[in-house]
4 protein chains.
Amino acid sequence: MTVPHRADARHNRARVLAAAQAAFAEQGRAVPLDVIAGRAGVGAGTVYRHFPSKESLLSAVMSERIERLVAEIGALTGDSADPGATFFAAFERSVEQVVLNKALCESMASGEQVRVEPGVRERYLAALEPLLSHAQEAGAVRADVALHDVMTLIAGCATMRAAGGAVGTSVVMDGLKAATAVTKRNETRCVECGDPVPPAGTGRPARYCGNACRQRAHRRRHASG
Amino acid sequence: MTVPHRADARHNRARVLAAAQAAFAEQGRAVPLDVIAGRAGVGAGTVYRHFPSKESLLSAVMSERIERLVAEIGALTGDSADPGATFFAAFERSVEQVVLNKALCESMASGEQVRVEPGVRERYLAALEPLLSHAQEAGAVRADVALHDVMTLIAGCATMRAAGGAVGTSVVMDGLKAATAVTKRNETRCVECGDPVPPAGTGRPARYCGNACRQRAHRRRHASG
Amino acid sequence: MTVPHRADARHNRARVLAAAQAAFAEQGRAVPLDVIAGRAGVGAGTVYRHFPSKESLLSAVMSERIERLVAEIGALTGDSADPGATFFAAFERSVEQVVLNKALCESMASGEQVRVEPGVRERYLAALEPLLSHAQEAGAVRADVALHDVMTLIAGCATMRAAGGAVGTSVVMDGLKAATAVTKRNETRCVECGDPVPPAGTGRPARYCGNACRQRAHRRRHASG
Amino acid sequence: MTVPHRADARHNRARVLAAAQAAFAEQGRAVPLDVIAGRAGVGAGTVYRHFPSKESLLSAVMSERIERLVAEIGALTGDSADPGATFFAAFERSVEQVVLNKALCESMASGEQVRVEPGVRERYLAALEPLLSHAQEAGAVRADVALHDVMTLIAGCATMRAAGGAVGTSVVMDGLKAATAVTKRNETRCVECGDPVPPAGTGRPARYCGNACRQRAHRRRHASG
DNA sequence: GATGAATGAGAATTCATTCAT
DNA sequence: GATGAATGAATTCTCATTCAT
């Protein structure tokens, strides 16, 4: 049902999605549905045919944005000459996407989870995770930062940009590069949840705090939908 | 009109303000005016007598919060033994105030200027400015950060906290220090203010740089609202 | 909250209730709320101030009707010279109330419980119950009929009347008496309450058993709502 | 247009009719047309090709139900050993058909004539009429009940059943059997409309109140569609 | 001054009906 | 002929603001 078979319907769905993306980006979540319909050049009923509620339209827009981001990040992943640069490029692209979207900023600032279609969040995290861990292994990023923290840092940087700040992102990126400041010496943290990893006497330091997180990361890597 | 002469009116104005503060903080800008009036135990008309519009009520609430913050910062200013610690303490207090207020977070994330009464913004900036410049002179904060940038950094940190991030503020604070000196190896830093902790020869490494920070962290842990 | 203190509000509430009663009665449950508001000469918001939803307005209307019915039945209860006549009078008044209200008919025919305010149904049943049991003790009504059955018989008679049937109620009432005694030949019965009419030696046979029924039928003929 | 020539179209028409019957029966008249189309496995347009409006679809469904009932009643008619039993069997079958159909109950309770295709009502009445008059002649049914009254009694019994009443129909049937209670002695009523028939001094008592009803009954006897 | 009632302009959502594919 | 997409009027409910009491 997501994508209709008929060409004209597919066309209209795309127009609605584009109009909604623009309207949400400019006016935020509170933009009336009629405005979106008007911008798309369709009736309100048509919007509802494609998306059963305003909420689901918002989530479709968000999902589409994030999928695009996943694709961009995927393109970056290959070039791993400089893991730090690659990670920070992905970070910046993410911030930019969020900034462009007022509705997304509002959602994040409200402390609500941004609602997206199933699997989208997982795919995004799966795309970002190797970039983060490679950068951390290369010493380009603080080791005590978990994937989840990166998400909130992105949200914060977006707010800064929305608030008109120029240096915000660079400050955060500097903070990410700083050698493990607050973290206790030699402590390692789970790259999934950020909890401390019990030190193992020998061998390579553990990346996860336990099986639960290892499994979760694994699932995400293979998540499809 | 700002503050009425009659005692009962003054009393009502204060009750409305308190109710509005709580309501905006908990439910955000979209909270209906009737809810605020109800919480204040007055009629909707009374709210309008004191504040000509919902917008102006919001701005009064914001102004009152910020004035309180200005007072807190003013209290810190005296103790200038460690300019870096003083600045970061003010920074954190500011972040906390913002985080407590959903309406404020929303406003900042929307990229709109938070509307406050005339002079309030100026007084806040005037309170923060000496702290920033002293900290910069002492080399505790990057010199290329302007007062205006600090404001957006505060907004960003609030968003991170609202989004559930734990390390956001510490990353930003590290970033603010970063240009000065990359953290020395083996050095431990105060988990409250990020300053270096004098190495103790024996026992468990200290978590705080001194009693002030220990106490501050304690208070925060038991803060109620 | 049910009844406001201010006189004008009480007045408006009554107007809304009256308008809703009329609108539901004439057009059924599906009548738009705007129509009710218009008939009451108030804005839609005023309707919602007094009744939080259309559903609750309907239930208030129903409850008010039924309370009126309870009062009428209460007035009948005193006159217990003829328990059968008293019961059947209450029965007929109930049918008439239901018939006047299209919304009520619809609800009953849908097999849904008619929603009324708490206690109303109970009061109605409490008013009807002694009438039924006295009539049964006097042998005027079949002993195998429960109070609940009477309710559905009322609903059925209302539908018959709504469908334009003239004899429906008398058939049902005969059925209720049937087990006791098959009507005697040559006997005439009151067209209002179904009781036997004392035979008059001369002239046109009497249609009513007495002045009470004649008057009641007259009133009904000129009832307005 | 009623029945298409092409086999697939005829097939679709039947599917729509069956789906509509089920949907109306379960959910009442307010069931959305898309739901009906969905249950039939066709598009909304197809429904409109076969039935020009929702109203006409409803009427087609009703007509089809009633035609089926006519057939059942026709089967009963032959066995005239016990005219009373035959009539009451037809009565009960009719009630059951109505109860099964929420839309039909709603229509009847609204006091609106149930809209059926031309001739259908007439055929139904024509099937029921001889059963009623034979039962009346045999003294098994009150003589003062007209065909039209039987229709409303059926509607009433259906409402009682929908309202959960168990004894409703039996009470009505008892009422129908009771010897001519309310009717004035020797009075005859038109078997078509139920109005009193002016007494003729001589010959067989008139069955109709006038030429209009005689003609109407005649037409019904020979109605074809 | 306080109250809370009234207003009425939206906002989301549904659905019978039409029409391009 | 069939399909299902598009339409847009209608409906319920909300809420900032005004105003009579």
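Per chain, numbering begins at 1; letters A, B, ... match sequence-line order. No experiment lies behind these values; they were computed from the predicted model shown.
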Take atom CZ of B:Arg49 and atom P of F:dC19, then tell me their distance rounded to the nearest Å. 13 Å
Quick note, A:Asp8 side chain, CB onward, closest among F:dT7, E:dT21, E:dT3 is E:dT21
Whole-Å distance separating the NE2 atom of A:His50 from the P atom of F:dG4: 14 Å
Whole-Å distance separating the CD1 atom of B:Ile36 from the C1' atom of F:dC15: 12 Å
Between the side chain of B:Lys54 and the main-chain N/O of B:Pro32, is any donor-acceptor distance below 3.5 Å? no
Residue set satisfying side-chain contact (heavy atoms from CB on, under 4.5 Å) with C:Ala44, at least two apart, ordered chain then number -> C:Asp34
Using purine N1 to pyrimidine N3 plus N6-O4 or O6-N4 for Watson-Crick, or N1-O2 and O6-N3 for G-U wobble, each under 3.5 Å, what pairs with F:dC13? E:dG10
Under 4.0 Å from OP1 or OP2 of F:dT7: is there any side-chain N or O of A:Thr46 that close? yes
Just the table, please: protein N/O against nucleotides 16-18 of chain F N/O, every pair under 3.5 Å.
residue : atom : partner : partner atom : Å
F:dA16  : OP1  : B:Lys54 : NZ           : 2.8
F:dA16  : OP2  : B:Leu33 : N            : 2.7
F:dT17  : OP2  : B:Tyr48 : OH           : 2.8
F:dT17  : OP2  : B:Lys54 : N            : 3.3

When the nearest nucleotide of DNA chain E is assigned to C:Arg10 and to B:Gly41 on a heavy-atom basis, which residue is associated with the more 5' position? B:Gly41
With a 4.0 Å cut-off on N to O distance, would you call B:Arg115 and B:Glu55 a salt bridge? yes
Measuring from the side chain of C:Asn12 (C-beta onward, heavy atoms only), which nucleotide among E:dA6, F:dA2, F:dA20 has the closest atom? E:dA6
Go through the steps to decide whether D:Glu64 and D:Glu117 satisfy the test side chain to side chain contact (heavy atoms under 4.5 Å, CB included), and finish with yes or no. CA-CA 9 Å; D:Glu64 192 263 351; D:Glu117 286 161 9; over 6 Å; no
G-U wobble or Watson-Crick pairing nucleotide for E:dT21 (cut-off 3.5 Å, both distances): F:dA2
Say you draw a straight line from CD of C:Glu106 to OG1 of D:Thr159; how long is it, rounded to the nearest 0.5 Å? 11.5 Å
Measure from CZ on A:Phe51 to C1' on E:dT13 and round the result to the nearest Å. 16 Å
Backbone N or O of D:Ala103 within a donor-acceptor pair of the D:Ser107 side chain at under 3.5 Å? yes
Nearest-Å distance, CD (A:Gln27) to P (E:dA11)? 10 Å
Are any non-hydrogen side-chain atoms of D:Arg29 and D:Leu58 less than 4.5 angstrom apart? yes
In whole angstroms, how far is the C1' atom of F:dG1 from the CZ atom of D:Arg13? 15 Å
Take the protein atom NE2 of B:His11 and the nucleotide atom P of E:dA2, then report the distance between them rounded to whole Å. 12 Å
